[in-house]
A.B. asks: 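One structure, pasted below without further comment.
Just so you know, these numbers come straight off a predicted model, no measurement behind them. Counting from 1, the numbers follow the sequence of the chain as shown.
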Amino acid sequence: LTYHHKKNNKCIWRSSQPKGGIMNQKYDEDVSLLRAISSTDTLYIYDARPRANALANQMMGGGYEDKNHYKDKIKIEIIFCDIYNIHNIRAVLDKLYSTVVFNSEDKNYLSNIDKSLWYDYMYPIIKSSMDIKNTILNGNDVLIHCSDGWDRTSQLCATSQILLDPYFRTIEGFIVLIEKDWLSFGHQFGLRCGNYYMEQY
């Protein structure tokens, strides 16, 4: 549980991907857990990955929820958010950074920012966060996950809460949000931001 909306008691939950694997196995524990966390007829699952990536993860023992496993217990709706992984985002950020820092005097400055594809890569995060906000406000519970639950999951959880709750738009609230939805879930800031180093012995 990462967020409880006080006005309608709906919740945002987060996890990593289910472990269905290539055979898309059913695990009673997964079914029981999703049934327990949903207080409404339908649980909306926002899978941050593109559907093709979720299918590819099945080859490595992961996967995504199969509606047939849950139909007798709970109704689920799965929405694939099509958010690119951290490696794609980093490559696009490098292009944006290069344009903004080193080529700001270039006459093609604005078109170079557009060519970096930064806006295209940010759009699915913002749109999905808006959809999650609306799902909660419409009286439904939400589960968010991607593969491991570190990068895209934290992005969606945090951005949705900023949209839902004015507290997280304050300095104090934003600090709480970073601690709660990034640090507490083990986000690898040092590695992801390029600040990671190994001491030499």
Side-chain angles (χ1 to χ4, degrees), residues 1-51 53-83 124-125 127-168 173 176-188:
L1 172 66
T2 190
Y3 177 73
H4 170 250
H5 192 58
K6 293 177 183 176
K7 291 185 179 178
N8 66 8
N9 290 321
K10 300 311 165 199
C11 297
I12 295 177
W13 303 83
R14 58 180 289 170
S15 70
S16 59
Q17 65 184 325
K19 301 293 184 185
I22 190 69
M23 301 301 292
N24 206 7
Q25 292 177 277
K26 176 182 178 183
Y27 290 97
D28 291 335
E29 294 88 351
D30 288 344
V31 176
S32 298
L33 181 63
L34 294 197
R35 185 179 181 190
I37 67 174
S38 180
S39 64
T40 53
D41 291 336
T42 304
L43 175 65
Y44 286 79
I45 300 174
Y46 284 83
D47 192 320
R49 306 166 289 182
R51 184 182 178 91
N53 293 28
L55 289 168
N57 283 146
Q58 285 184 313
M59 302 297 284
M60 298 179 287
Y64 61 96
E65 292 79 7
D66 183 338
K67 286 186 179 185
N68 292 324
H69 294 171
Y70 298 89
K71 63 183 180 182
D72 296 332
K73 305 291 184 184
I74 182 176
K75 183 180 178 185
I76 62 171
E77 287 295 328
I78 304 173
I79 298 98
F80 290 97
C81 302
D82 296 326
I83 299 172
I125 298 170
K127 181 190 181 303
S128 298
S129 298
M130 291 290 294
D131 291 344
I132 291 165
K133 177 203 77 159
N134 291 332
T135 301
I136 291 290
L137 293 180
N138 287 334
N140 296 285
D141 294 302
V142 168
L143 170 66
I144 301 171
H145 71 69
C146 57
S147 302
D148 300 311
W150 280 333
D151 297 303
R152 292 170 282 194
T153 303
S154 290
Q155 290 169 354
L156 290 179
C157 287
T159 309
S160 301
Q161 290 171 74
I162 288 170
L163 295 171
L164 281 163
D165 195 326
Y167 171 68
F168 295 120
V176 168
L177 190 63
I178 296 299
E179 183 177 325
K180 177 174 71 74
D181 267 293
W182 296 81
L183 296 173
S184 296
F185 284 95
H187 184 75
Q188 302 175 11

A.B. asks: Measuring only between side-chain heavy atoms, which start at C-beta, is K75 closer than 4.5 Å to D41?
C.D. replies: no
A.B. asks: Please say which of V31, L143, L43 ends up in a side chain to side chain contact (heavy atoms under 4.5 Å, CB included) with E65.
C.D. replies: L143
A.B. asks: Is there a side-chain contact between K10 and V142, using heavy atoms and a 4.5 Å cut-off?
C.D. replies: no
A.B. asks: Please check: side-chain N/O of S38 versus main-chain N/O of L34, any donor-acceptor pairing under 3.5 Å?
C.D. replies: no
A.B. asks: To check you understand the geometry: which heavy-atom pair defines the closest contact between Y46 and C81, and what is its length?
C.D. replies: CD2-SG, 3.9 Å
A.B. asks: What's the shortest heavy-atom distance between H145 and S15, and which atoms?
C.D. replies: CB-O, 2.9 Å
A.B. asks: Does the side chain to side chain contact (heavy atoms under 4.5 Å, CB included) test come out yes or no for Q161 and T2, once each step is laid out?
C.D. replies: CA-CA 9 Å; Q161 290 171 74; T2 190; 3.8 Å; yes
A.B. asks: Considering residues at least two apart in sequence or located in another chain, which fulfil the side chain to side chain contact (heavy atoms under 4.5 Å, CB included) criterion with D66?
C.D. replies: N24, N68, H69
A.B. asks: Could you work out, with side chain to side chain contact (heavy atoms under 4.5 Å, CB included) as the rule, every residue matching N138, not counting sequence neighbours?
C.D. replies: N134, N140
A.B. asks: Considering the options I178, L183, L177, which one meets the side chain to side chain contact (heavy atoms under 4.5 Å, CB included) requirement together with K180?
C.D. replies: L177
A.B. asks: Might you point out which heavy atoms bring T40 and G139 nearest each other, and give the distance in Å?
C.D. replies: CG2-O, 3.1 Å
A.B. asks: Do other residues, nucleotides or ligands put more than 12 heavy atoms under 6.0 Å from the NZ atom of K127?
C.D. replies: no
A.B. asks: Quick one: closest heavy-atom pair of I76 and K67, and the distance?
C.D. replies: O-CE, 3.4 Å
A.B. asks: State which residues pass side chain to side chain contact (heavy atoms under 4.5 Å, CB included) with A54; sequence neighbours excluded, sorted by chain then number.
C.D. replies: D47, R49, Y64, F80
A.B. asks: Is any side-chain heavy atom of L156 closer than 4.5 Å to one of R14?
C.D. replies: no
A.B. asks: How far apart are the C-alpha atoms of V176 and E179, what are their side-chain angles, what is the distance that settles it, and do they pass the side chain to side chain contact (heavy atoms under 4.5 Å, CB included) test?
C.D. replies: CA-CA 5 Å; V176 168; E179 183 177 325; 5.8 Å; no
A.B. asks: Backbone N or O of I83 within a donor-acceptor pair of the R152 side chain at under 3.5 Å?
C.D. replies: yes
A.B. asks: Just verifying a value: how many Å separate Q155 CD and I125 CD1, rounded to the nearest 0.5 Å?
C.D. replies: 4.0 Å
A.B. asks: Whether the side chain of N8 engages the backbone of I136 through a donor-acceptor N/O pair (distance < 3.5 Å, no angle test) should be reported.
C.D. replies: yes
A.B. asks: Would you please name every residue forming a ring pair (Phe, Tyr, Trp, His ring centres under 6.0 Å) with F168, sequence neighbours left out?
C.D. replies: none
A.B. asks: Report the residues that fulfil side chain to side chain contact (heavy atoms under 4.5 Å, CB included) with S160, sequence neighbours left out, ordered by chain and then residue number.
C.D. replies: I12, S129, I132
A.B. asks: Shortest non-hydrogen contact from D141 to C11?
C.D. replies: OD1-N, 2.9 Å
A.B. asks: Find the distance between SG (C146) and CG (N53) and round it off to the nearest 0.5 Å.
C.D. replies: 10.5 Å
A.B. asks: For A158, does its backbone N or O pair with a side-chain atom of D181 as donor and acceptor, under 3.5 Å?
C.D. replies: no
A.B. asks: What residues form a ring pair (Phe, Tyr, Trp, His ring centres under 6.0 Å) with Y44, not counting sequence neighbours?
C.D. replies: none
